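The structure appears below as structure tokens.
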Amino acid sequence: MEKRTYSSFLLKLFKSFDVTTEMMWGLHPLFHEEMKRGLTDKGGSLKMLPAFVDRPTGKEKGTFIALDLGGTNFRVLKVRLDGNGNARVENVERFVIPSVVMHGTGTQMFNFIAKSIQKFVVNNKVDTTKTKKLGFTFSFPMKQLDIENGILVTWTKDFSASGVVGKNVVSMLSDSLRQFGLEVLHINALANDTVGTFAAGAYKDPKCDVGIIFGTGTNACYREKIVNIKKLARGYHKKDHMIINIEWGNFDKLPLNEYDLKLDKSTKNPRKQRMEKMISGMYLGELARLVLSDLIRRKFIFVNSKAKFTKGALKTTNMSLIESDRSKDLIKIKGFLEHAGILKTTVSDRNLLKEICMMISSRAARVSAAAISSVITWMDPKLSKHHTVAIDGTLYERYPGFSKRITGALKELHGGRAKRIKLTKAKDGSGTGVAIIAAVAAKKKNSP
Ligand code: GLC
């Protein structure tokens with residue numbers, strides 16, 4: 001291998017993933033422009049979907065069943081709200097969604113969900129003699145008509161069940177529930193997972209005005225003044241606020257490199273969810289694999305081994321493990337590679353692999369920080385108030401260094417004022433939050 005070609009290639013590679021402070025600032029006006037467009041009928045890459053709910057008071061009380069659909073598992077949770085800012089999960093059951101269901105017909109999918117709910121009802125002796133209110137977290141872009149109805153705009157994250165786009169998902173689920181004899185279960189609140197996470201955060205902390213998911217996908221919601229939501233039909237009090245699901249995964253003003261383009265082409269939704277493909281757990285591993293395959297092809301890594309990484313062979317969880325290896329000879333990485341059939345590796349091979357993972361996850365964190373800062377400065381340009389940001393998702397929770405890098409980048413952007421942005425983990429927020437929203441909706445219906 002010629003040394004000069006090797007180092008100049010690496011230099012170029014790392015540069016193509018670099019996000020400087022200037023670049024983070026440069027994203028702000030572009031993000032704000034897309035937010036502004038999304039709030040009007042014109043629309044743009046940010047869908048800015050009204051959620052028909054504002055923040056909870058923290059006093060909501062009762063036991064609610066929450067349904068959570070959006071990743072590879074469908075979950076049913078029983079959540080108790082104590083009226084004092086505490087939401088406790090009393091029972092939870094997970095059902096793995098088989099690939100045939102994810103990619104089959106919508107009816108098959110909602111029947112699978114209804115059947116899983118039936119199992120939960122039996123296992124947990126849920127009383128089905130009286131009407132029960134349910135909250136439904138549906139983690140996809142949907143155009144809500146009100147708090148309990150919403151139309152799927154498009155599938156994201158590898159879901160593709162047919163006959164659902166353009167349909168009211170609550171009606172579809174209610175039809176399936178009826179088929180399974182569960183008509184007493186009434187879905188009275190529908191929310192995106194970011195909105196659930198926000199509600200979970202705001203239930204505890206009234207300063208919470210942003211909810212974010214960093215998981216299989218990524219997205220955020222925030223609290224907007226009704227006067228600014230130009231596309232909303234009249235009939236609201238101008239002083240009121242409403243939560244807006246940004247659907248930031250689809251932001252399309254970021255510079256893309258050759259690996260982003262390659263990755264995008266191989267997905268079920270090419271040219272869509274550009275930012276999500278740079279940040280979220282579903283894509284980071286594959287992005288790293290594409291870079292690695294290029295290095296292997298150029299004989300810059302694993303030259304003594306017949307290495308081949310086929311699609312899916314490097315997952316984001318593997319990257320987590322690789323980055324967490326702090327041993328001198330990178331033993332954990334060696335183990336992972338041996339398991340993948342790559343036996344003769346050098347310490348510098350393993351080091352390079354670790355650096356590639358760091359390069360990709362750092363870019364993800366810095367783009368995320370720029371997006372968080374854009375949302376907060378949209379609400380509060382001078383950062384004159386405190387903002388709590390509730391965050392849920394495995395990437396944020398488990399990826400080594402991810403949250404620290406976001407905090408670091410926010411400091412780079414705002415100096416001492418970055419302290420006014422408090423990032424908090426809302427563990428299970430996407431599940432518990434919708435129970436809180438169901439309580440808010442129930443109270444609204446009962447009040448005159
Ligand atoms: C995808 C979905 C979005 C969801 C996010 C996190 O981006 O489109 O609705 O909030 O994933 O689950």
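This chain uses plain numbering: 1 for the first residue, then up along the sequence. Order of appearance sets the numbers: ligands from 1, and atoms from 1 within every ligand. Remember, it's a predicted structure, so these values are computed and weren't measured experimentally.
Near Ile213, the atoms of ligand 1 lying under 4.0 angstrom from a non-hydrogen atom of the residue are 6 (C), 12 (O). Listed by number with element, the atoms of ligand 1 under 4.0 angstrom from any heavy atom of Glu247 are 2 (C), 3 (C), 8 (O), 9 (O). Listed by number with element, the atoms of ligand 1 under 4.0 angstrom from any heavy atom of Gln273 are 7 (O), 8 (O). The ligand atoms of ligand 1 that sit less than 4.0 angstrom from a heavy atom of Phe140 are 9 (O). Each of the following atoms of ligand 1 lies closer than 4.0 Å to a heavy atom of Thr156: 1 (C), 2 (C), 8 (O).
Between Lys253 and Glu33, none of the side-chain N atoms (NZ, or NE/NH1/NH2) sits under 4.0 Å from a carboxylate O, so this pair counts as no salt bridge.
Atom SG of Cys357 is separated from atom CG of Leu314 by 6.0 Å, given to the nearest 0.5 angstrom. Atom CG of Asp41 is separated from atom CG of Leu232 by 10.0 Å, given to the nearest 0.5 angstrom.
Any N or O atom pair closer than 3.5 Å counts here, and Asn192 shares at least one such pair with ligand 1.
By the 30° and 60° cut-offs, the orientation of the rings of His32 relative to Trp378 is tilted.
The shortest non-hydrogen separation linking Met242 to Ala51 is SD-N, 4.0 Å.
Protein heavy atom in closest approach to atom 11 (O) of ligand 1: Lys157 NZ, 3.2 Å. In terms of protein heavy-atom proximity, atom 12 (O) of ligand 1 is nearest to Asp193 OD2, 2.6 Å. Scanning the protein heavy atoms around atom 7 (O) of ligand 1, the nearest turns out to be Glu276 OE2, 2.4 Å. For atom 5 (C) of ligand 1, the closest heavy atom belonging to the protein is Asn219 CB, 3.7 Å.
Side chain to side chain, Thr63 and Glu90 fail the donor-acceptor criterion of an N or O pair below 3.5 Å. Counting only N and O atoms by type, the side chains of Gln144 and Asn245 include no donor and acceptor under 3.5 Å apart.
The shortest separation from a heavy atom of Gly217 to ligand 1 is under 4.0 Å, placing the residue in contact. At least one heavy atom of Pro141 sits less than 4.0 Å from an atom of ligand 1.
The shortest side-chain heavy-atom distance between Ile243 and Arg223 falls under the 4.5 Å cut-off.
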